[in-house]
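Because only heavy atoms are used, hydrogens play no part in the values below, and waters and symmetry mates are left out as well, while side chains stay in. Chain letters run A, B, ... following the sequence lines, proteins first and then strands; every chain starts at 1.
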Number of protein chains: 2
Amino acid sequence: MSIISLYQAHPCNCCNMLAVCAKDRQFSKSGLTDRSHRVFQRKHALIDSGDHFAGIYVLHSGSAKAFVTAQDGTEQITAFYFPGDIIGLDGFDNQRHVQSVRFLETSSVCFFSAKEIKSLMQNSEGALSGLLKAMSHALTEDNAMLLALSNSDSEQRVAKFLLDLSKRYKARGCSDKEFILSMTRTDIANYLGMAIETVSRIFTKLQKNGIISVAHRRLQILDPIWLKACLQTSLTERLTGTTSS
Amino acid sequence: MSIISLYQAHPCNCCNMLAVCAKDRQFSKSGLTDRSHRVFQRKHALIDSGDHFAGIYVLHSGSAKAFVTAQDGTEQITAFYFPGDIIGLDGFDNQRHVQSVRFLETSSVCFFSAKEIKSLMQNSEGALSGLLKAMSHALTEDNAMLLALSNSDSEQRVAKFLLDLSKRYKARGCSDKEFILSMTRTDIANYLGMAIETVSRIFTKLQKNGIISVAHRRLQILDPIWLKACLQTSLTERLTGTTSS
DNA sequence: CGACTACTTGAGCTTTTTCAATAGCTGTGG
DNA sequence: CCACAGCTATTGAAAAAGCTCAAGTAGTCG
């Protein structure tokens, strides 16, 4: 029940999260009071591909990325996580993790062991349907991403990416107009399936047209309407020759 | 338990499937004996996007495709299903389906209502972990697809697609060297995120190089080794100028 | 302060798409 | 049994989108 209500609310404020984790500690009074919360630094690994599946994590603060690795070593980022997101759902299959997870900044997570999950699921109908929902939701996200990747050009992908971030920040009570990109351009490019130079160029283009303002990691969405319009048509199509200096 | 063992085994033969569905009928002797199996014709819909989530289906025979639809009406195929595959897992989130599902040929499915699933999950630990596995597996598949879409060129994608099909047919006891493509070129192109002409050109190219033989819907993999090699390097790179007539 | 990493920008090149034309297959009806 | 319509697939040529390479700038960390 705890894991799930948390997932649905996408809470950012620590109070919610702590309440949840506190509830969890009450639930299984065994010995994981100290293990249930862990803090990690930027670039550190939460999960490595191939790791044994011990349980799932709820991101408490900070942010993280998940990626899969091909035989030739190339990596593909499959998700970015923000507070309240559940990490490690890919481990139920085969009891091993397929994805690796690294933090993008100093972050903390709350751990739920497989045993805890199992008993939660069997004792609480809400928890069960909640977990199924969470996984189902992750599937939907992936599908949306697949759709975006194969049916959109670079500009549309970047626009979609920014709007997604905006939505997620808003859901967490943060500003949806101005936020810090916790991932590098390289991460963004990888996630969106394009070259880093292309990301850079599109940022520049959007900025020149007054749709966003981007300086280093700080991003502002100046014109959400136009940004949303980018999802449909390409900028150059809509502006019939603008490119003002 | 029944749904799951079936998923893991990926059985193609009807006996296995029927046994499973029979087991299921025993389990809930209510009134769904007649509703549990349904037959559909080619192009008919099993699920439309937005449909209320009633339960999940196990494909019994035939094949199907799932796709999501963007605001502008463009569709993106997200999965192909073969006997034994579970359909409809995206519905747990929001109690509505995001994906639509259409059959590629005359097919039959076995239905498990949400109620049945719930009681199965709470009474059988195996069933629970099995369902979680199935969903987790679907996530992994999606991630693999994401990886392929953004890190491979067209040739590698087509090669991967054919090898995947081959593997899935083999798992179902069918030949992994020769099979019928139940989907159109358009479907393949859509799934792989490329133009239909590109699919056609790559098929031609692979055939000219003696790697596959393709006539209409019948496909033969003549040289699996080379096809696998296509996943790594492009054909033209490996053949240092061949293009024999 | 220097090395390093992250980011931006330009130019040529490659891949893939788009457009257009053609051919083949399927099913229907005369 | 053939002809026709409609869908499916192949092929070529031109155009576009995005990638790679290369160089340079700007923050960041020790």
Side-chain angles (χ1 to χ4, degrees), chain A residues 41-44 65 74 76-77 102 104-106 148-159 161 180-208 212-219 230 233-237 241 243 245, chain B residues 41-43 65 74 76-77 102 104-106 148-159 161 180-208 212-219 230 233-237 243 245:
Chain A
Q41 297 302 311
R42 191 170 107 89
K43 290 191 179 179
H44 283 209
K65 64 176 174 180
T74 57
Q76 172 60 41
I77 297 175
R102 299 257 181 295
L104 300 174
E105 57 191 306
T106 304
L149 271 182
S150 46
N151 290 321
S152 316
D153 61 22
S154 303
E155 193 178 298
Q156 294 172 315
R157 292 185 210 173
V158 171
F161 175 72
I180 302 292
L181 297 168
S182 55
M183 65 292 290
T184 65
R185 300 282 192 277
T186 307
D187 283 340
I188 297 173
N190 180 298
Y191 180 64
L192 297 177
M194 53 209 231
I196 177 177
E197 294 93 332
T198 309
V199 175
S200 191
R201 277 185 249 270
I202 290 171
F203 274 2
T204 305
K205 188 174 167 189
L206 291 175
Q207 185 159 32
K208 274 187 183 162
I212 66 170
S213 160
V214 57
H216 319 305
R217 296 291 183 83
R218 164 161 274 108
L219 189 123
C230 289
T233 339
S234 105
L235 242 187
T236 29
E237 278 180 53
T243 333
S245 67
Chain B
Q41 297 303 311
R42 190 169 108 90
K43 292 192 178 177
K65 63 175 174 181
T74 56
Q76 172 60 43
I77 296 175
R102 298 257 182 296
L104 300 173
E105 58 193 305
T106 303
L149 271 183
S150 47
N151 291 320
S152 316
D153 62 21
S154 303
E155 193 177 298
Q156 293 172 314
R157 292 185 209 173
V158 171
F161 174 72
I180 302 293
L181 298 168
S182 55
M183 65 291 290
T184 65
R185 300 282 193 279
T186 306
D187 283 340
I188 298 173
N190 181 297
Y191 180 64
L192 298 177
M194 52 208 232
I196 177 175
E197 294 94 330
T198 309
V199 175
S200 192
R201 278 184 248 271
I202 290 171
F203 273 2
T204 305
K205 187 173 166 190
L206 291 175
Q207 184 160 32
K208 274 187 183 160
I212 65 170
S213 161
V214 58
H216 319 302
R217 297 291 182 84
R218 163 160 276 111
L219 189 124
C230 288
T233 340
S234 105
L235 241 186
T236 28
E237 278 179 52
T243 333
S245 66

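The minimum heavy-atom distance linking B:Q207 with B:S213 is given by the pair NE2-CA, 3.7 Å.
Checking D:dG12, C:dT15, D:dA17 against every side-chain atom of A:D153, the shortest atom distance belongs to D:dA17. Here C:dT18 is the nucleotide among D:dA9, C:dA6, C:dT18 with the atom lying nearest to any side-chain atom of B:A195. Nearest nucleotide to the A:I196 side chain, out of C:dT9, C:dT8, C:dT17: C:dT8. The side chain of B:R185 lies closest to D:dA9 when the candidates are C:dT9, D:dA26, D:dA9.
Among the heavy atoms of the strands lying under 4.0 Å from B:T198 is at least one base atom, whether or not backbone atoms are also near. Nucleic acid contact for B:R157: none, since no nucleic acid atom lies under 4.0 Å from a heavy atom of the residue.
In this model, the phosphate group of C:dT9 is not approached by any side-chain N or O of A:S200 to a distance below 4.0 Å at OP1 or OP2. Phosphate contact (OP1/OP2 of C:dC25, side-chain N/O of B:H216, threshold under 4.0 Å): present.
As rounded to whole Å, 15 Å separates atom C1' of D:dA9 from atom CG of B:L219. Distance, B:L192 CG to C:dT16 P: 12 Å, rounded to whole Å. Between A:I180 atom CD1 and D:dT28 atom P there is a gap of 11 Å when expressed in whole angstrom units. Atom NZ of A:K205 and atom C1' of D:dG18 are 12 Å apart (whole Å). Rounded to whole Å, atom P of D:dT11 lies 13 Å from atom CG of B:L206. As rounded to whole Å, 11 Å separates atom C1' of D:dT10 from atom NZ of B:K208. Distance B:Q41 CD to C:dG27 C1': 16 Å, rounded to the nearest Å. Atom CG of B:N151 and atom P of D:dT20 are 10 Å apart (whole Å).
Nucleotides of DNA chain C nearest to A:R201 and A:R217 differ in position, and the one nearer the 5' end is that of A:R217. In terms of position along DNA chain D, the nucleotide closest to B:E197 lies nearer the 5' end than the nucleotide closest to the other residue of the pair B:E197 and A:G193.
Using a 4.5 Å heavy-atom threshold, the side chains of B:H216 and B:L181 count as separate. Contact of the B:F203 side chain with the B:R185 side chain is registered, since non-hydrogen atoms from C-beta on lie closer than 4.5 Å. Proximity of A:R42 to A:L104: side-chain heavy atoms (C-beta onward) are nowhere separated by under 4.5 Å.
When each of A:I188, A:I202, A:T198 is tested with A:V158 by the rule side-chain contact (heavy atoms from CB on, under 4.5 Å), just one qualifies, namely A:I202.
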